[in-house]
There are 2 protein chains.
Amino acid sequence: MARAATTTDAFNAVAEPRRRAILDVLAGGERPVNDLVRVLGLAQPQVSKHLRVLREVGAVDVRGEGRQRLYRLNGHALKPIHDWVKAYERSWSERFDRLDAVLEELKQKEEGDGGDE
Amino acid sequence: MARAATTTDAFNAVAEPRRRAILDVLAGGERPVNDLVRVLGLAQPQVSKHLRVLREVGAVDVRGEGRQRLYRLNGHALKPIHDWVKAYERSWSERFDRLDAVLEELKQKEEGDGGDE
DNA sequence: AGATTACATGCTGATATGGGAATATGTCAA
DNA sequence: TTGACATATTCCCATATCAGCATGTAATCT
């Protein structure tokens, strides 16, 4: 078996840095393909291909406007990533360090005055 | 060129669901390889290989203990993912919907009484 | 030493990738 | 219709993947 397809889910789609760059630009608003080409300095076919992947995982929507195709961000597709990684926030956030300290304190106290058991 | 190596960064490493599963188990505490093999129901060599990738991107640390190798989560390696995806939280969070509503209201008011310009 | 346990690495094979270049499709304009 | 512009698709190719299986290495036990 090979690596999972990039279109399998948002995790795979977003592993490619240029696709993240595309989403970052689209976060500023709807844009035609050529805008992305210019802003990102990529070849047009590659941009179209990356957009296809992003479309397949639902991270962007398209809308035809004359001869242009306007792409729009659909950040909702990224929620699973956020949900997953959020659980690890505790590893680096000072907020959680303080919370842990408080919890540890409570635990000490509880052990001190022995409830039941 | 081919797809970027899985060891390129956390984004690529974590695109593989079994590697996320490994991290999820390690979130519960340090564990030897065989624990992961049993809990996840994967073949031992694959687990070792996945752990190698996770080690190379700094998502886990190892420690030798007798004949076992104890793996420990290092969630800090996941911070870039969190930082990136956090910006998109606005797309689905109701909190931001309310914030946007408030901002919109302010904007209306500002346009109404025309400050300078 | 020999056997066993715990883990890592090497090899094979099918597969999807992503860039480049060329070409196809679609829309508007003269 | 012919042409220009905007975008999508196709083909080629070097490469990295992941599973499965076999084997290597290190520590412990008898």
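What you see below is based on every heavy atom in this structure, not just the backbone, and it leaves out hydrogens, waters and symmetry mates. In this text the structure is predicted, and so the values were computed from the model without any measurement.
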Using a heavy-atom cut-off of under 4.0 Å over every strand shown, decide if A:Pro45 touches base, sugar-phosphate, or nothing.
base

Run the ring-centre check on B:Trp84 versus B:Tyr88 and record whether the distance is less than 6.0 Å.
yes

For C:dA8 and B:Arg69 - does any side-chain N or O of the residue sit under 4.0 Å from the phosphate oxygens OP1/OP2?
yes

Does A:Ala43 or A:Glu65 map to a spot on DNA chain C nearer the 5' end, using the closest nucleotide for each?
A:Ala43

Examine D:dA19: is either OP1 or OP2 under 4.0 Å from a nitrogen or oxygen in the side chain of A:Arg3? Give yes or no.
no

Just to confirm, is there a sub-4.0 Å distance from OP1 or OP2 of D:dT7 to any side-chain nitrogen or oxygen of A:Asn34?
yes

Could you work out which one of D:dT28, D:dA19, C:dT9 sits closest to the side chain of B:Arg67?
D:dT28

Are the side chains of B:Thr6 and B:Lys49 in touch, meaning some heavy atoms are under 4.5 Å apart?
no

Atom pair distance, as rounded to whole Å: CD in A:Glu56 and P in D:dA8:
13 Å

Candidates D:dA8, C:dC7, D:dT10 - which lies nearest the side chain of A:Ser48:
D:dA8

Please identify which of these residues, B:Arg19, B:Arg18, B:Glu16, meets the side-chain hydrogen bond (donor to acceptor under 3.5 Å, both in side chains) condition with B:His50.
B:Arg19

Could you tell me how far apart A:Ile22 (CD1) and D:dT7 (P) are, to the nearest whole angstrom?
13 Å

For C:dT27 and A:Gln68 - does any side-chain N or O of the residue sit under 4.0 Å from the phosphate oxygens OP1/OP2?
no

Expressed in angstrom and rounded to an integer, what is the separation of A:Leu51 atom CG from D:dT7 atom P?
10 Å

Taking the side chain as everything from C-beta on, heavy atoms only, tell me whether B:Leu26 gets closer than 4.5 Å to B:Leu54.
no

Would you mind telling me which residue lines up with the more 5' stretch of DNA chain D, A:Ala2 or A:Val47, judged by nearest nucleotide?
A:Val47

Starting at atom NZ of B:Lys49, determine the distance to atom C1' of D:dC18, rounded to an integer number of angstrom.
7 Å

With the side chain defined as heavy atoms from C-beta on, B:Val33 is closest, among D:dA19, C:dA8, C:dA16, to C:dA8

Could you check how far CZ of A:Arg18 sits from C1' of C:dG19, rounded to whole Å?
9 Å

For D:dA8, take OP1 and OP2 only and decide whether either is under 4.0 Å from a side-chain N or O of A:Arg52.
no

Does A:Glu16 contact C:dG18 through a side-chain donor or acceptor facing the base, at a distance under 3.5 Å?
no

Expressed as a whole number of angstroms, how long is the span from A:Arg19:CZ to C:dA16:C1'?
11 Å

Any side-chain heavy atom of B:Leu51 within less than 4.5 Å of one from B:Val62?
no

So, is B:Tyr71 close to the C:dA8 phosphate, meaning a side-chain N or O under 4.0 Å from OP1 or OP2?
yes

Just the rounded figure in Å: distance from C1' of D:dT7 to CZ of A:Arg55.
10 Å

Can you find a donor-acceptor pair, distance only, under 3.5 Å between A:Gln44 side chain and D:dA8 base?
yes

Compare the minimum distances between each of D:dT17, C:dG20, C:dC7 and the side chain of B:Pro32, then state the nucleotide with the smallest one.
C:dC7

Respond yes when some side-chain nitrogen or oxygen of A:Thr6 is under 4.0 Å from OP1 or OP2 of C:dT17, and no when none is.
yes

Between A:Arg20 (CZ) and C:dG18 (P), how many Å, whole number?
12 Å

Indicate yes or no: at least one non-hydrogen side-chain atom of A:Leu70 is less than 4.5 angstrom from one of A:Arg72.
no

